[in-house]
Amino acid sequence: MKRTIKKISCPSLAKSLCFLLFGCALAQAHHSHASEPPKFAIAIHGGAGTIEKSSMTAEQERAYRAKLEEAINTGYVILEKGGSSLDAVVASINVMEDSPLFNAGKGAVYTYDGTHELDASIMDGRNREAGAVAGVKRIANPINLARMVMEDSPFVMLAGEGAEAFARSRGMPVVDNNSFDTEHRREQLKRAKEKLDRENRQDKDYRAAVDALPAPFRMGTVGAVALDQQGNLAAGTSTGGMTAKRYGRIGDSPVIGAGTFADNKSCAVSATGHGEYFIRYNVAADICSRVAYQNKTVAQAADEVINQILLPVGGTGGVIVLDAKGNIALTFNTVGMYRGSRVAGGAAEVAIFGKK
Ligand code: ASP
């Protein structure tokens, strides 16, 4: 299954025809925008998986589309005003973390034991600075703490209580773990546990058990990649991890190179999917290495890693990828992926299912 959406600027043949037919001035006025690479761009995801139109009500679909659009536009406005890609990534992710629709922040899934453990990371494409937090239980917006680790500590990753103590020391308020409780995630845990216990496979194959749940119950790790007007890339990812995960389990989302990567010289990536595979296959960094060393386009590199390498070994999920020219790939090997993008001067484009 190959699903890649690639943004390309106005084909030069079409432009030449415009010139011939209507003259330079008109053609330029009309096409100057489309023929130039976008000066800034943003792409987001809200999780990948067996997301089918038939398993969602029209109202649920509308709610997801509206929230995705809000997240894109929140980041876009920052970029439009000349703000940094880091600010745009954090702002877009905050919109999704604050919504119960996504498996991050407010809507974080439950561990097998009924608690919430959140992971997040961020990377600055200018200098490969990065920050990450893993297994935090009391941080409302883990992406903000990841950024704080990057900017205000000599470390890249802080975990658990140490990360929360660091947050408190920097004046970031902590919240109760039960502030992440939601009815739909509790129901999801119940159903996942029933399935896991029945099949006696708590420690293995639980992704398959979770995949058997209805679409809105499963997915929703969130992520964003952005290119600002200064030409800098950034990437960020935030998640509650996987439903019914063993406590202490850390996925790919806070692992730089696996779930998140950004380097102005290659690309910015945020991933979603079965984290163990994304870690072992170093997915985000591998995509950017192909762009850097093999001159692959972001669409080619993402397709190779997601569809040709990950899928055959059973790794399901997807990525959003953006390069410093504004080329975007939204690539996944699952049935659907909550996703969207917006390039300078264009409108927000949002999609959920395979086709749209
Ligand atoms: N990648 C996340 C994890 O493994 C989950 C997901 O994206 O659905 O924790």
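Counting starts at 1 for both ligands and their atoms, in listed order.
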Shortest non-hydrogen pair, Ala324 vs Asn264, comes out as CB-O, 3.7 Å

The single option from Thr272, Ile306, Asn333 that satisfies side chain to side chain contact (heavy atoms under 4.5 Å, CB included) with Val319 is Ile306

Examine the side chains of Asn232 and Asp124 and answer whether a donor and an acceptor come within less than 3.5 Å of each other.
no

Requested in this report: Could you tell me whether some N/O pair between Asp119 and ligand 1 is separated by less than 3.5 angstrom?
Outcome: no

Within 4.0 Å of some non-hydrogen atom of Met242, the atoms of ligand 1 are 4 (O), 5 (C)

In ligand 1, the atoms that come under 4.0 Å of a heavy atom of Asp252 are 1 (N), 2 (C), 3 (C), 4 (O)

request  = Report the C-alpha distance between His116 and Tyr110 in whole Å, list the side-chain angles of each, state the deciding distance to 0.1 Å, and finish with yes or no for ring pair (Phe, Tyr, Trp, His ring centres under 6.0 Å).
outcome  = CA-CA 5 Å; His116 308 274; Tyr110 287 86; 4.2 Å; yes

A student checking ligand 1 against Gly241 at a 4.0 Å heavy-atom cut-off should list atoms 5 (C), 9 (O)

Margin query: For Glu61, is there an ion pair with Lys53 - N to carboxylate O distance below 4.0 angstrom?
Written below: yes

Any N/O pair His274/ligand 1 closer than 3.5 Å: no

So is Arg249 touching ligand 1 or not, going by heavy atoms under 4.0 Å?
yes

*Give a yes/no verdict on whether any heavy atom in Ser253 is under 4.0 Å from an atom of ligand 1.*
yes

Closest to atom 5 (C) of ligand 1 by heavy-atom distance, out of Ala271, Gly49, Ala258, Gly273, is Gly273

- Query: Is Val321 linked to Met123 within one hydrophobic cluster, defined over Ile, Leu, Val, Met, Phe, Trp and Tyr using a side-chain heavy-atom separation of less than 4.5 Å?
  - Reply: no

Note: ligand 1 atoms sitting under 4.0 Å from heavy atoms of Thr272 are 6 (C), 7 (O), 8 (O)

The atoms of ligand 1 lying under 4.0 Å from a heavy atom of Gly275, numbered in the order shown, are 4 (O)

Here the pair of heavy atoms bringing His45 nearest to Ala271 is NE2-O, 3.4 Å

Say whether Thr221, considering both its backbone and side-chain N or O atoms, lies within less than 3.5 Å of an N or O atom on ligand 1. yes

Open item on the list: Would you say that Asp176 contacts Arg138 through its side chain, given a criterion of any heavy-atom pair below 4.5 Å between the two side chains?
Closed with: yes

